[in-house]
Amino acid sequence: MTTPAFPFALAAYDDPAALARALAAHVAEALRARVARDGSASLAISGGRTPTRFFETLSGAPLDWSRIAVTLVDERWVPETSERSNAALVRRHLLKGPAAAARFVPLFTGAPTPEDGLADAEAAVAALPAPFAAVVLGMGDDGHTASFFPGAEALSAAIDPGGTARLMAVRAEGAGEPRITFTLPPLVAADLLLLHIEGATKRAVLERAAAGGDAAELPIRAVLGNAPRPLDVLWCP
């Protein structure tokens, strides 16, 4: 077997429920360790359909949630009244039970466009404990992660490992709505960086990305190639 250009560590689970339990345990451990060390911690999570079970599981974790801040890796530029809002998803499935005590920092500001709201969003996330204790990424069938979409106007700047901006507005044909996203540097700087994917198609995309090539084609390559250690991937069929 050929060694990939960008190695990753794959943990395979039998089903989504087992994966969600393992993912929640890893994230809770990272949050607990940071709170014990620094007195506070921050978590960045991804939206979409895949992480809902993980959110439900993590919401009951016995953590000092009052010391934890939660934000999103990226967000569609829509209000929380929209069914497309990741913030609404997080409030519904994660910020309940013990986790209701966490401080939530959404990325959508209510401004007309993400470009208009960027300064306020930057100010909000600047107050998060840094670096993140944990970041949980997802990945689309097109190889996008966060809002690093193939063909996005701002892709090269968003995945620049030397970039200094924390957030960036993104527009791309595959993204649907305009979006706002954390850039690559604050994501890969996390104490714990995890990729959560499910299904044979996404595993095949990841393996193709790990073989190397241009991150403009499969943007997950930017994470694989710039993470400080092999990316931890949790996967189930």
Side-chain angles (χ1 to χ4, degrees), residues 42-52 55 69-95 104-128 130 132 135-190 193 195-197 202 205 209 214-223 226:
S42 59
L43 166 66
I45 49 181
S46 300
R49 295 183 301 275
T50 302
T52 301
F55 291 165
V70 177
T71 192
L72 285 154
V73 168
D74 67 324
E75 177 63 288
R76 302 175 177 102
W77 203 253
V78 296
E80 291 186 31
T81 52
S82 169
E83 64 180 15
R84 298 272 290 166
S85 168
N86 285 331
L89 184 81
V90 169
R91 291 190 194 277
R92 188 162 59 248
H93 294 286
L94 175 60
L95 301 176
F104 183 47
V105 181
L107 300 182
F108 177 75
T109 67
T113 69
E115 291 84 0
D116 292 331
L118 193 58
D120 286 344
E122 279 271 12
V125 303
L128 292 168
F132 289 118
V135 168
V136 181
L137 298 173
M139 187 189 72
D141 291 349
D142 60 356
H144 88 265
T145 189
S147 281
F148 308 154
F149 282 87
E153 297 171 8
L155 180 60
S156 60
I159 63 175
D160 179 358
T164 57
R166 277 183 292 261
L167 296 174
M168 191 160 293
V170 173
R171 295 172 184 269
E173 185 176 343
E177 305 89 344
R179 300 192 180 207
I180 187 169
T181 188
F182 272 92
T183 59
L184 181 68
L187 298 179
V188 299
L193 179 62
L195 177 64
H196 172 194
I197 56 172
K202 289 189 179 181
V205 170
D214 187 356
E217 178 189 352
L218 292 172
I220 188 65
R221 286 175 173 150
V223 177
N226 289 283

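Any value given below was found using the heavy atoms of this structure, including those in side chains, with hydrogens, waters and symmetry copies removed. All values reported here derive from a predicted model rather than from experimental measurement. Heads up: numbering here begins at 1 and tracks the sequence.
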Within this structure, what is the [atom1]-[atom2] distance for the pair [X] and [Y], rounded to the nearest 0.5 Å?
X      : Y      : atom1 : atom2 : value
Thr71  : Phe132 : OG1   : CZ    : 6.0 Å
Thr183 : Asp74  : OG1   : CG    : 12.0 Å
Phe148 : Thr181 : CZ    : OG1   : 4.5 Å
Leu89  : Glu75  : CG    : CD    : 9.5 Å
Phe55  : Arg91  : CZ    : CZ    : 13.0 Å
Leu43  : Leu72  : CG    : CG    : 9.5 Å

N/O donor-acceptor pair under 3.5 Å between [X] side chain and [Y] backbone:
X      : Y      : answer
Thr52  : Arg49  : yes
Glu153 : Val170 : no
Thr145 : Gly138 : yes
Lys202 : Gly140 : no
Ser46  : Val136 : yes
Arg179 : Arg76  : no
Trp77  : Gly117 : no

Report yes if some heavy atom in the side chain of [X] is under 4.5 Å from a heavy atom in the side chain of [Y]; otherwise report no.
X      : Y      : answer
Val73  : Leu137 : yes
Glu115 : Met168 : no
Leu94  : Val70  : yes
Thr50  : His196 : yes
Phe182 : Leu167 : yes

Exercise for the section: In sequence, state the C-alpha distance, the side-chain angles, and the governing distance for Leu195 and Ile220, and then conclude on side-chain contact (heavy atoms from CB on, under 4.5 Å). Expected result: CA-CA 10 Å; Leu195 177 64; Ile220 188 65; 4.3 Å; yes
Determine the minimum heavy-atom distance between [X] and [Y], stating which atoms define it.
X      : Y      : answer
Asn226 : Pro161 : OD1-CB, 3.5 Å
Ser147 : Ile180 : OG-O, 4.3 Å
Val188 : Leu193 : CA-CD2, 4.0 Å
Ala121 : Leu107 : CB-O, 3.8 Å
Asn86  : Gly48  : OD1-N, 3.3 Å
Asp160 : Pro185 : O-CG, 3.5 Å

Practice task
Quick one: sort the Phe149 and His144 rings into parallel, tilted or perpendicular, breaks at 30° and 60°.
Solution key: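 The arrangement is parallel - the two ring planes meet at less than 30°.
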Practice task
May I have the step-by-step check of side-chain contact (heavy atoms from CB on, under 4.5 Å) for Phe104 and Val90, ending in yes or no?
Solution key: CA-CA 9 Å; Phe104 183 47; Val90 169; 3.9 Å; yes
